[in-house]
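What follows is a short report on a single structure.
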Number of protein chains: 2
Amino acid sequence: MRSADLPEVRSLHLFQTMKEETFDSIVKAAYFQTFPDHVVLIEEGEPADFLYVVIEGRVELFAHANGRETSLAMVSPIGTFILAAVLKDAPYLMSARTCQRSRILMIPAEDLRAAVDQDKAFAAAIIRELASCYRAVVKDHKSLKLRTGVERLANRLLRYHHDQGGNGSLSLPYDKRTLASLLGMTPENLSRAFNTLKPYGVTVDGGTVRLHDLVALETLAKPNSLIDDRRI
Amino acid sequence: MRSADLPEVRSLHLFQTMKEETFDSIVKAAYFQTFPDHVVLIEEGEPADFLYVVIEGRVELFAHANGRETSLAMVSPIGTFILAAVLKDAPYLMSARTCQRSRILMIPAEDLRAAVDQDKAFAAAIIRELASCYRAVVKDHKSLKLRTGVERLANRLLRYHHDQGGNGSLSLPYDKRTLASLLGMTPENLSRAFNTLKPYGVTVDGGTVRLHDLVALETLAKPNSLIDDRRI
DNA sequence: GATTTCCCTTGATTAGAATCAAGTTCCGCC
DNA sequence: GGCGGAACTTGATTCTAATCAAGGGAAATC
């Protein structure tokens, strides 16, 4: 690893509280690598050799079954993926590919597990991270089971709007086909869902979405902090 | 807590490896309680006051949104629930109710977190448990996004069949309305899904299901260890 | 500048699932 | 034995979403 990257990595929540010594042991073992766009980093079913940390760029987690494919999550800086597989020494449940040129930190699974064993503060940080990941999936799962496609989209728009400052406008962070897959619908249906939201003050221009009537949209969406609030 | 229950609790994976001292501290603080059938133990949104451990009986985890309700999981002995909320000191994302008369161990959140801080072995056990919970939800989520209702049912039947010895017959562990909700469908559609599976050798008599043509059923179900295998 | 390609949209159709409405069966209960 | 209720099933209908097919538009390529 380049020494210039050290402070950056150290400042991640996951690595902030650990002992210097443990951090060193991980750093010595880890690889920094830059991948171009659209590179498959891992495939579901493979043994968990590395924990991945996205430093720059963006990674899509996806999965296959019965001849279908779906996006499960997007990982932005600074985020980790497949932590659970690494900790359990179990096969990955998801595949991952870059969707931009990305700088990735790869920590060998063995070294990560050793570090968890040796460093209480690191174990605590891992627990927090894992618990957050768990709750994020539960929220996604609730959303999919309890809401229609239009409702999922409406709430997602409200979330992006809030995250981006809440000034009536937002830009979609991913292309629409990816957003559709994340929301559990086809691109065609995402298009139609946007049309359905027109009467609720939603206008779309490319990746820019304007919310002209927040009250109406919220009445439709019925946002629920136990699904939509990423912080809790 | 009754001292007669101690060895039982101690033998749970979660509590097996921890120090005697830590175990004592948790035991002193915890409550053992027996609840009748159909009692709501927690409601989503409430602060996480206790970690719950099901010792006897059965508990259903469920959630509400947009006027709908869905079952998210069933917890059988010996299983915990809402561990993540307790660790994060965050509101519960799910509600829980007994679906049988149940004996439950309740560990105050504060004491649990203190124990995690003080005992490395316990922290390690918590990490394993959390990682397993995470992967279980990811599997459910993949199943819902990638399979039709009939496929989900077919795979669920194969799972129960395997778990119960694989001798061509299985008994449904829950009533059909609950099973339907777990699988993400209405009771009516579960009924129809069973009918759809008839040509694949599936016959139903009350809670007893017979699989007369495993090959045909598996061809339809396309079971996938990364979704259906609970052990990995 | 014309063409290709990809992404997105729209329309028509089909498939999957929910809802509404009865019926049936099976239990517990009187 | 008869009654009431709950769980489940079936049928008809509606709704939601996927699929199939085609077209439009913007950016990249030649």
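Proteins come first, then strands; the chains are lettered A, B, ... in the order of their sequence lines, and each starts at number 1.
B:L190 has its CG atom 12 Å from the P atom of C:dA17, to the nearest Å. Rounded to an integer number of Å, the gap from CE of B:M185 to C1' of C:dA15 is 15 Å. The distance between atom CG of A:L144 and atom C1' of D:dA17, rounded to the nearest whole Å, is 12 Å. Here the P atom of nucleotide C:dG16 and the CG atom of B:L153 are 15 Å apart, to the nearest Å. Per the geometry, CD belonging to A:E151 stands 13 Å off C1' belonging to C:dA18, to the nearest Å. Atom CZ of A:R68 and atom C1' of C:dA15 are 12 Å apart (whole Å). Counting to the nearest Å, the P atom of C:dA18 and the CD atom of B:E69 are 15 Å from each other.
Not one side-chain nitrogen or oxygen of A:N189 sits closer than 4.0 Å to the OP1 or OP2 atom of D:dA17. Between B:N195 and the phosphate of D:dT10, there is a side-chain N or O to OP1/OP2 separation shorter than 4.0 Å.
Judged purely by atom type and a 3.5 angstrom limit, B:Q33 has no side-chain atom pairing as donor or acceptor with the backbone of B:M106. In terms of modelled atom types and a separation under 3.5 Å, the side chain of B:R152 and the main chain of B:L183 share a donor-acceptor contact. Side-chain atoms of B:E151 come within 3.5 Å of backbone N or O of B:T148 as a donor-acceptor pair. The backbone N or O of A:H38 sits less than 3.5 Å from a side-chain atom of A:T98, completing a donor-acceptor pair.
Proximity of B:C99 to B:R58: side-chain heavy atoms (C-beta onward) are separated by under 4.5 Å at one or more points. Between B:V209 and B:V202, the closest side-chain pair of non-hydrogen atoms falls below 4.5 Å. Counting heavy atoms from C-beta on, the side chains of B:Y200 and B:D213 never come closer than 4.5 Å. At a threshold of 4.5 Å between non-hydrogen side-chain atoms, the residues A:F62 and A:S181 do not count as touching. The side-chain heavy atoms of B:H141 and A:L72, taken from C-beta on, include a pair separated by under 4.5 Å. Counting heavy atoms from C-beta outward, B:F50 and B:I107 have side chains that stay 4.5 Å or more apart. Here the side chains of A:L41 and A:F35 are in contact, with some heavy-atom distance below 4.5 Å.
Annotation: salt bridge (charged side-chain N to carboxylate O under 4.0 Å, His left out) contacts of B:D49 (sequence neighbours excluded): none. In this view, B:D163 satisfies the side-chain hydrogen bond (donor to acceptor under 3.5 Å, both in side chains) rule with no residue, not counting sequence neighbours. Under the side-chain hydrogen bond (donor to acceptor under 3.5 Å, both in side chains) criterion, B:K176 pairs with no residue, sequence neighbours left out.
Between its opening and closing five pairs, the helix from C:dG1-D:dC30 to C:dC30-D:dG1 changes axis direction by 30°, a value rounded to 10 degrees.
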Could you pull out all donor-acceptor pairs under 3.5 Å where a side-chain atom in residues 224-232 of chain A meets a protein atom, sequence neighbours excluded?
residue: A:N224; atom: OD1; partner: A:L226; partner atom: N; Å: 2.7
residue: A:D228; atom: OD1; partner: A:R147; partner atom: NH1; Å: 3.0
residue: A:D228; atom: OD2; partner: A:R147; partner atom: NH2; Å: 2.9
residue: A:D228; atom: OD2; partner: A:N224; partner atom: N; Å: 2.8
residue: A:D229; atom: OD1; partner: A:R231; partner atom: N; Å: 2.9
residue: A:D229; atom: OD1; partner: A:R231; partner atom: NE; Å: 3.0
residue: A:D229; atom: OD2; partner: A:R231; partner atom: NH2; Å: 2.8
residue: A:R230; atom: NH2; partner: A:I227; partner atom: O; Å: 2.8

Indicate every side-chain donor-acceptor pair of residues 73-81 of chain A with a distance under 3.5 Å to a residue at least two apart or in another chain.
residue: A:T80; atom: OG1; partner: A:E129; partner atom: OE2; Å: 2.9

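Remark: A:D175, A:K176, A:R177 in residues 173-181 of chain A come within less than 4.0 Å of DNA chain C through at least one heavy atom. Within residues 202-212 of chain A, no residue is approached by DNA chain D to less than 4.0 Å at the level of any non-hydrogen atom.
Candidate nucleotides C:dA17, C:dT9, D:dC8 were compared by shortest atom distance to the side chain of A:S191, and C:dT9 ranks first.
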Filtered N/O pairs between nucleotides 13-16 of chain D and protein, under 3.5 Å:
none

Distances under 3.5 Å between nitrogen or oxygen atoms of protein and nucleotides 21-26 of chain C:
none

Per-nucleotide protein contact string for nucleotides 22-27 of chain D, where B marks a base within reach and S marks sugar-phosphate only (heavy atoms under 4.0 Å, - for neither): ------
From CA spacing to verdict: salt bridge (charged side-chain N to carboxylate O under 4.0 Å, His left out), B:R103, B:E8: CA-CA 12 Å; B:R103 215 148 59 89; B:E8 198 173 358; 3.4 Å; yes
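Sequence neighbours left out, the pairs with a member in residues 71-90 of chain B that pass salt bridge (Lys or Arg N to Asp or Glu O under 4.0 Å) are B:D89-B:R113.
In this structure, B:R97 pairs ionically with B:E69, as a charged nitrogen and a carboxylate oxygen lie closer than 4.0 Å.
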